[in-house]
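Reminder, nothing fancy here: chain letters follow the sequence lines and each chain counts from 1. Side chains are part of it too, since the values below use all heavy atoms of this structure and drop only hydrogens, waters and symmetry mates.
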Amino acid sequence: MAENNMAEGNSEIKKKSNFIHAQIDEDLKNGKNRKRVHTRFPPEPNGYLHIGHAKSICLNFGIAEKYGGKCNLRFDDTNPSKEDTEYVDSIMEDVHWLGFDWDDRLFYASDYFEKLHQFAIQLIKEGKAYVDDQDAETISKQKGTPTRPGEISPFRNRTIEENMQLFAQMTAGEFDEGSHVLRAKVDMALPNMHMRDPIIYRIMKARHHRTGDKWCVYPMYDFAHGQSDYWEGITHSICTLEFEVHRPLYDWLVDQLKVDDYRPRQIEFARLNLTYTVMSKRKLLELVKDGHVNGWDDPRMPTITGLRRRGYTPESIKNFSDRIGVTKVDGMIDVSLLEYSVREHLNKTAQRVMGVINPLKVVITNYPEDKSEELEAINNPEDTEMGVRQVPFSRELYIERDDFMEEPPRKFFRLSPGREVRLRYAYFVTCNDVIKDENGEVTELHCTYDPASKGGNSPDGRKVKATLHWVSAKHAIKSEVRLYDRLFNDEDPAGHKDVDFKEFMNPESLKVLPECYLEPFVKDSKPLDHFQFERLGYFNLDYDSTPEKPVFNRTVQLRDSWAKEKNKG
RNA sequence: UGUCCUGUGGUGUAACUGGCAACACGUCUGACUCUGGAUCAGAAGAGUCCAGGUUCGAGCCCUGGCAGGACAACCA
């Protein structure tokens, strides 16, 4: 193990194997599926991608990479009433951002509408599909329940000619929505509900985002997915657990295509659940629509675009995805694992900078009024190649309010009256006076510095217990900082029967600090640039920034053992 | 009173054709440190849903239970 790390370097986290890899290995060994591997990522363009999709993307594209195969991007756009090009665009952007590419293999289920329609006609001609004139409620009732078999539709035994005629009329738009459907003739008595003469085409007089008004009948998911896989030469069609019961229908339909012995294989895995958030598109859409968050890219959202804006990196998401593994066990992953993954990546890569988000003015009384100097600071102690920078120092500074306590408790070893601490990369300072306003609120500290400790070390070998970050008041860049906390206070907000998930929303999930001071280095940063504000956490520049007022998002805090100690009481 | 799937530390994942249950996160110590970060060293924590059985030996095999999830959209 140790050798492995040495050999590969620790930037390369060893890819874990999973049960799907094992099944592919077996298929390859047995010579099934032409000894090749071809997967696909098939989102419906009806919302933005979230971290759960990222798991699927990493899995599918990851398998292609591992086996020297291919992975397609395919939009499952068979329901025009919910889909939109806005979503298509965002999905492509997100997949690319994660670092995956489908080359020229971009497909849409709607590419196959014509073929699918032909196939439906084939089934009718073979006596394997029929038009049902009953309404949704009646059909549903006849379908039975999981424990009771279904009844046969009175329209099940229409002649082929009649079915051909009716389906043609459906296609031509002669019927109203909901008045007729095309059903596959399978078996109403089977225990699997999906096999009880499933509906394969329905009338929808909706404009499709790609085919416009060309069609007024659209195939159902079950009637499109397996066939699309088949036509694209997909060998392993990986989807989530809830499609397990669809597999017999998937196989049945592909069997009807019977051109050769090649057969795509559906394999199901457990979708990702994360603590303190919700992951269904419906719920995320609700949060957006009802204004509980500021859009799909709100940094509190588990969407890819939200995580990106929050400051997550593709690497951190991929490492996270690899760490959680792939199984058929429905579980709940602790967000702390996600947070660990960003910290791990940003620790190695993020530019260090000093920033004070809760400012307290400090005056160095023995430092000349008009003097200022430049002090050298390390850009990233984890990566010396990132070099050093100069940080301006002067008589008036800001430090973090939390770094001062007038009456320090045990184990608090930051600044307090009479105590000496180090200002990072600068000097040792000692607090002499505490200035307060009429309410007794501390407004300013008067300190003295030791000129001999320049750079942060005292020639007499004197030690201090704490090192504080600081910013020179007159050089500081004033900016807004947004702090984020979990969107929900409950580990599983969607997991309560009879209680709406929104009941568990955390009212303090967003905290805006309008007056923060950052060292001048951040001046030229671009949106999404990552920084570590020393001792505070990782932050990145938000799109909302203007040249006059930069806005930073806190991605995640640094691990903080003092905060833990403090909370112990 | 159906079919299918799943049960391994707090969480997630491992354990080759049976061989002392391993790793990561989290938690807790300690060392080091110009970030109470990082790093390093260490600890606690499961006897693998239950009960039988086969075996020298079972998380892995057999039998029977139990628990949880999915399935009754003209959603995907």
Short heteroatom pairs, N/O only, protein and nucleotides 42-49 of chain B, under 3.5 Å:
none

With both distances under 3.5 Å as the test, what is the Watson-Crick or G-U wobble partner of rC75(B)?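 When the pairing criteria are applied, nothing turns out to pair with rC75(B), so the answer is none.
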
Measuring to OP1 and OP2 of [N], would you say a side-chain N or O of [X] lies under 4.0 angstrom away?
{"X": "R202(A)", "N": "rA76(B)", "value": "yes"}
{"X": "T467(A)", "N": "rU35(B)", "value": "no"}
{"X": "K281(A)", "N": "rC75(B)", "value": "no"}
{"X": "S336(A)", "N": "rU11(B)", "value": "no"}
{"X": "K143(A)", "N": "rA73(B)", "value": "no"}
{"X": "T78(A)", "N": "rA76(B)", "value": "yes"}

Please compare A426(A) and H194(A) by the position of their nearest nucleotide in RNA chain B and report the one closer to 5'. A426(A)

Both K454(A) and H225(A) contact RNA chain B. Taking the nearest nucleotide for each, which residue is further toward the 5' end?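 Closer to the 5' end of RNA chain B: K454(A).
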
Measure from the side-chain N and O atoms of [X] to the backbone N and O of [Y], and report whether any donor-acceptor pair falls under 3.5 Å.
{"X": "R419(A)", "Y": "R414(A)", "value": "yes"}
{"X": "T240(A)", "Y": "F269(A)", "value": "no"}
{"X": "D132(A)", "Y": "V181(A)", "value": "no"}

Identify the two heavy atoms, one from V217(A) and one from M170(A), that lie closest to each other, and give their separation to 0.1 Å.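 Answer, listing the atom of V217(A) first, then M170(A): CG1-O, 3.6 Å.
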
Taking the six-membered ring of Y130(A) as reference, does the cationic atom of R158(A) (NZ for Lys, CZ for Arg) lie under 6.0 Å from its centre and within 45° of its axis? no

Does NZ or CZ of R486(A) come closer than 6.0 Å to the centre of the six-membered ring of Y276(A), within 45° of the ring's axis?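 Yes, R486(A) and Y276(A) form such a contact.
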
With a 3.5 Å cut-off and no angle check, do the side chains of H469(A) and E400(A) form a donor-acceptor pair? yes

Would you kindly say whether E44(A) and N46(A) are connected by a side-chain donor-acceptor distance under 3.5 Å? yes

[N] and [M]: how far apart are their [atom1] atoms, nearest whole angstrom?
{"N": "rG64(B)", "M": "rC25(B)", "atom1": "C1'", "result": "38 Å"}
{"N": "rC60(B)", "M": "rA21(B)", "atom1": "P", "result": "14 Å"}
{"N": "rG59(B)", "M": "rC16(B)", "atom1": "P", "result": "12 Å"}
{"N": "rU55(B)", "M": "rA41(B)", "atom1": "C1'", "result": "42 Å"}

Ring-base stacking, W562(A) with rG36(B) (5.5 Å, 30° cut-offs): yes

Under 3.5 Å, which N/O atoms of the protein pair with N/O atoms of nucleotides 37-40 of chain B?
unit_1  : atom_1 : unit_2  : atom_2 : d
rG37(B) : OP1    : S561(A) : OG     : 3.2
rG37(B) : N2     : E382(A) : OE2    : 3.0
rA38(B) : OP1    : R559(A) : NH1    : 3.3
rA38(B) : OP2    : R559(A) : NH1    : 3.4
rA38(B) : O2'    : N347(A) : ND2    : 3.2
rA38(B) : O2'    : E382(A) : OE1    : 3.3
rA38(B) : O2'    : E382(A) : OE2    : 3.0

Name every residue in residues 238-248 of chain A that has at least one heavy atom under 4.0 Å from any atom of RNA chain B, in order of residue number, or write none if there are no such residues. E242(A), F243(A), E244(A), V245(A), H246(A)

Which part of the nucleic acid, if any, lies within contact of Y201(A), taking any heavy atom under 4.0 Å across all strands shown: a base, the sugar-phosphate backbone alone, or nothing? nothing

